[in-house]
Colleague: 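Structure in structure tokens, see below.
None of these values were measured; they are calculated from a predicted model. We count ligands from 1, going down the list as the structure has it; atoms in each ligand are counted the same way.
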Amino acid sequence: MNDRRVRLKVGVATARAERPRNEDSVWTQDGAFLVADGMGGHDRGEVASRTAIDVLSELAVGAPTLDDARAVVREAHAAVRALPKGTGRRPGTTATGVVLTEHDDVPCWLVVNVGDSRTYRMAGAVLEQVTHDHSEVAELVAAGVIPAEDAARHPRRNVVTRALGGWSQDVEPDVWLLPVSPGDRMLVCSDGLTDPLSDARIEAELRAHDDPQEAADRLVAAALAAGGRDNVTVVVVDAALTPGRAR
Ligand code: MG
């Protein structure tokens with residue numbers, strides 16, 4: 001949605017890296033900022049992520065609620081499940097992102113997630129991951145089976161436990177509603193960013209570059225320089241609250 005009280009400035013960058021094609025898809029219009037990381041044989045991953053993003057972009061209309069978000073994610077899941085299977089794996093995709101909405105007349109971020117792409121919020125120059133990864137490794141860390149510091153190098157770190165499409169009949173998205181604070185910087189990205197770069201490194205780049213486009217470009221460059229081989233997609237969204245008229 002376009003909330004007149006909030007001014008958004010957006011940067012977006014993506015790279016194929018060492019993969020034959022870029023299977024990430026991205027949406028950055030009308031107050032919705034979404035990233036999907038597709039998987040499947042041949043061109044199926046690209047089609048899956050694009051299909052999911054097309055459906056999820058419905059959240060850019062009006063002032064979506066948490067229930068709207070859950071419903072649209074289920075619709076996206078059904079659309080990806082309906083794609084032809086081809087010869088390889090069933091096409092599937094992660095999806096995450098943030099949508100500007102309002103709740104009780106307060107501007108809010110609506111955050112959605114399925115899979116291991118991530119949405120972060122930087123407030124007061126401190127970066128915090130809003131979403132929880134739906135991955136085997138994240139579950140092992142949460143259960144105390146492996147220490148968090150081993151997660152980044154774990155061989156099964158890319159195995160997702162929830163996805164749109166894929167093997168599962170249903171999908172349970174995570175959704176959050178957070179009031180917009182002046183100066184909020186939201187980061188939406190695929191695992192091509194967070195695999196090679198630590199949160200501390202990502203935070204440092206975000207602090208170093210005021211302009212969101214420059215920040216997005218520098219993050220993608222840093223992921224590639226750190227040896228990132230996977231498709232990498234980064235969206236940086238800055239929010240400024242305009243002084244509202246007294247109600
Ligand atoms: Mg990926």
Colleague: Does a sphere of radius 6.0 Å around CD in Q169 hold more than 12 heavy atoms from other residues, nucleotides or ligands, not counting ones at 6.0 Å or beyond?
Modeller: no
Colleague: Just how far is it from atom CG of L177 to atom NE2 of H103, taken to the nearest 0.5 Å?
Modeller: 6.0 Å
Colleague: With a cut-off of 2.8 Å, does D191 put an N/O/S atom close enough to the Mg ion (ligand 1)?
Modeller: yes
Colleague: Under 2.8 Å from the Mg ion (ligand 1), can any N, O or S atom of D195 be found?
Modeller: no
Colleague: Tell me whether D37 has at least one N, O or S atom under 2.8 Å from the Mg ion (ligand 1).
Modeller: yes
Colleague: At what distance, to the nearest 0.5 angstrom, does CG of L193 lie from CD1 of I202?
Modeller: 4.0 Å
Colleague: Run the side chain to side chain donor-acceptor pair (under 3.5 Å) check on T14 and T233 step by step: do they pass?
Modeller: CA-CA 4 Å; T14 189; T233 302; 2.8 Å; yes
Colleague: Please give the atom name: the N, O or S atom of D230 nearest to the Mg ion (ligand 1).
Modeller: OD2
